[in-house]
Amino acid sequence: MASLVYFQFTFAAITLILLAGSVLGRMNIKAWMAFVPLWLIFSYTVGAFSLWGGGFLYHWGVIDYSGGYVIHLSSGIAGFTAAYWVGPRLKSDRERFPPNNVLLMLAGAGLLWMGWSGFNGGAPYAANVNASIAVLNTNICAATSLLIWTSLDVVFFGKPSVIGAVQGMMTGLVCITPGAGLVQSWAAIVMGMLSGSIPWVSMMILHKKSSLLQKVDDTLGVFHTHAVAGLLGGLLTGLFAEPALCRLILPVSNSRGAFYGGEGRVQFLKQLVAALFVIGWNIVSTTIILLGIRLFIPLRMPDDQLMIGDDAVHGEEAYALWGDGEKYDPTRHGWNSSMYAEEIAPSPYINGARGVTINL
């Protein structure tokens, strides 16, 4: 039971972190602090219980092996909804938003891929057939999706992209999640091909043509990488879920994907209905929560604070680099003279990087 509790609380935390990717760079931290517990209680918990905790979708036979709907579809839809109500970043931030550090991004992507094998493999809470095939399928689908996404970048843009490769990896991991331990490896390849192409079209083509997608400032594209890929994975699981694997862990007997005939013909419909429920619930609950918070706390930071920076306005910055004529400001850069009896002397190197000498 302790493992179950820890596992589920970790999933809940991950979902909110994913959602945060949609509102980065402008949401008021106080509004976010109010939003987190309210959304966990009134939005995430409903979906998690319905699909995993013995709720109506669970007993109906909807398949969500490790969170394609509970985590990824809900975070993508809720994040997109939150981005709509919070409002966009500054225009300058939207026009140019390159990765801060591509090497660290690759390191994070590697850790994420490795960790994904862990929680997909750990979803049955046992070392069994479902766990082992889940780990294999996770890697197969992610690798296939990465290759497809990168190939599309080469075909349409003339060159591969490291950022695109990571996006393809991500959509592959998300897509396989709802069926990782319940589909055969050939199906994981098919899912990888589709997860590397359909979210690519959604992000690279449809996003530029849709006025709604253009209006809503989804900072990290969580809608495309998690909502679209999570929905795709859930529906494909309704097609490819293998009967023998389903019998090992699912509560409803004779569960199977539509590809295998029999009662599996209604499984795709179940997956579709569950997706519509998760989408609808997250749109409504996220909207009500944010509109309620907005009565007391502004959802978006004011423009003058965003000009300073959403991190710097708290007295902290990610990098302590002073150059290009910038002057060291103790009040802005977080040094507290009341805590330290220090004497700060500026560097004599006027045209170079600036530094400080601190005498404690």
Side-chain angles (χ1 to χ4, degrees), residues 47-74 76 119-126 128-142 144-145 148 171-199 226-281:
F49 179 79
S50 300
L51 284 156
W52 285 346
F56 75 102
L57 295 175
Y58 174 84
H59 288 295
W60 191 35
V62 175
I63 301 173
D64 189 7
Y65 172 81
S66 193
Y69 285 174
V70 173
I71 298 172
H72 300 290
L73 181 59
S74 63
F119 71 70
N120 273 358
Y125 307 110
N128 56 19
V129 173
N130 297 96
S132 60
I133 199 169
V135 174
L136 177 61
N137 287 340
T138 298
N139 286 273
I140 289 175
C141 187
T144 304
S145 182
I148 294 296
T171 55
L173 292 170
V174 171
C175 183
I176 195 60
T177 296
L182 300 172
V183 301
Q184 295 288 354
S185 294
W186 65 263
I189 295 175
V190 175
M191 294 172 77
M193 295 173 67
L194 294 174
S195 65
S197 54
I198 293 178
H226 293 274
V228 174
L231 174 61
L232 177 65
L235 296 179
L236 291 175
T237 299
L239 295 178
F240 298 135
E242 206 272 336
L245 294 171
C246 290
R247 283 195 296 270
L248 295 176
I249 61 172
L250 295 183
V252 177
S253 60
N254 296 322
S255 293
R256 64 185 65 203
F259 180 82
Y260 293 93
E263 296 183 13
R265 286 175 292 186
V266 300
Q267 188 65 50
F268 183 84
L269 177 61
K270 292 180 180 180
Q271 300 297 115
L272 179 60
V273 171
L276 293 175
F277 170 76
V278 172
I279 291 171
W281 182 261

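The basis for the numbers below is simple: all heavy atoms, side chains too, and nothing from hydrogens, waters or symmetry mates.
Counting heavy atoms from C-beta outward, L231 and V278 have side chains that stay 4.5 Å or more apart. Using a 4.5 Å heavy-atom cutoff, the side chains of L57 and D64 are not in contact. Using a 4.5 Å heavy-atom cutoff, the side chains of L194 and C175 are not in contact. Counting only heavy atoms from C-beta outward, the side chains of V183 and I176 approach each other to under 4.5 Å. Side chains of N128 and L248 form no contact here, defined as non-hydrogen atoms less than 4.5 Å apart. For the pair T237/M191, a side-chain contact is recorded, criterion being any heavy-atom separation below 4.5 Å from C-beta on. Side-chain contact between F268 and L235: present, with at least one pair of heavy atoms (C-beta onward) separated by less than 4.5 Å.
The main-chain N or O of P251 is never found under 3.5 Å from a side-chain atom of Y58 such that the two would form a donor-acceptor pair. Using a distance-only test at 3.5 Å, with no hydrogens or angles considered, no donor-acceptor pair links the side chain of S50 to the main chain of G55. Under the 3.5 Å distance criterion, the side-chain polar atoms of S145 are left unmatched by any main-chain donor or acceptor of C141. Side-chain atoms of Q271 come within 3.5 Å of backbone atoms of G234 as a donor-acceptor pair (strictly under, hydrogens ignored). Between the Q267 side chain and the G61 main chain, a donor and an acceptor come within less than 3.5 Å of each other. Not one N or O on the side chain of Y260 forms a donor-acceptor pair closer than 3.5 Å with the backbone of S255.
When all heavy atoms of H226 and H72 are compared, the closest pair comes out as ND1-ND1, 3.0 Å. Taking each heavy atom of Y65 and A134 in turn, the nearest pair found is OH-CB, 3.4 Å. Counting all heavy atoms, side chain and backbone alike, T138 lies closest to A180 at OG1-CB, 4.1 Å. When every heavy atom of V135 is checked against every heavy atom of G121, the shortest pair comes out as CG2-CA, 3.7 Å. T171 and P199 get closest at one heavy-atom pair: CG2-CB, 3.8 Å. What you find for C246 and I63 is that their closest heavy atoms are SG-CD1, 4.3 Å.
Put simply, OH on Y125 and CG on N130 are 13.5 Å apart, with the number rounded to the nearest 0.5 Å. Between the OG1 atom of T144 and the CD1 atom of I140 there is a distance of 7.0 Å, given to the nearest 0.5 Å. The distance from atom CZ of F277 to atom CH2 of W60, rounded to the nearest 0.5 Å, is 11.5 Å. The line from CZ of R265 to NZ of K270 is 13.0 Å long, rounded to the nearest 0.5 Å. From F119, atom CZ reaches atom CG of L173 across 7.5 Å, with rounding to the nearest 0.5 Å. Rounding to the nearest 0.5 Å places CZ of R256 at 13.5 Å from CG of L182.
A centroid separation of less than 6.0 Å is found between the aromatic rings of F259 and W186.
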(request) Please report the C-alpha distance between L245 and I133 in whole Å, then the side-chain angles of each, then the deciding distance to 0.1 Å, and finally whether the side-chain contact (heavy atoms from CB on, under 4.5 Å) criterion is met. (result) CA-CA 10 Å; L245 294 171; I133 199 169; 4.0 Å; yes
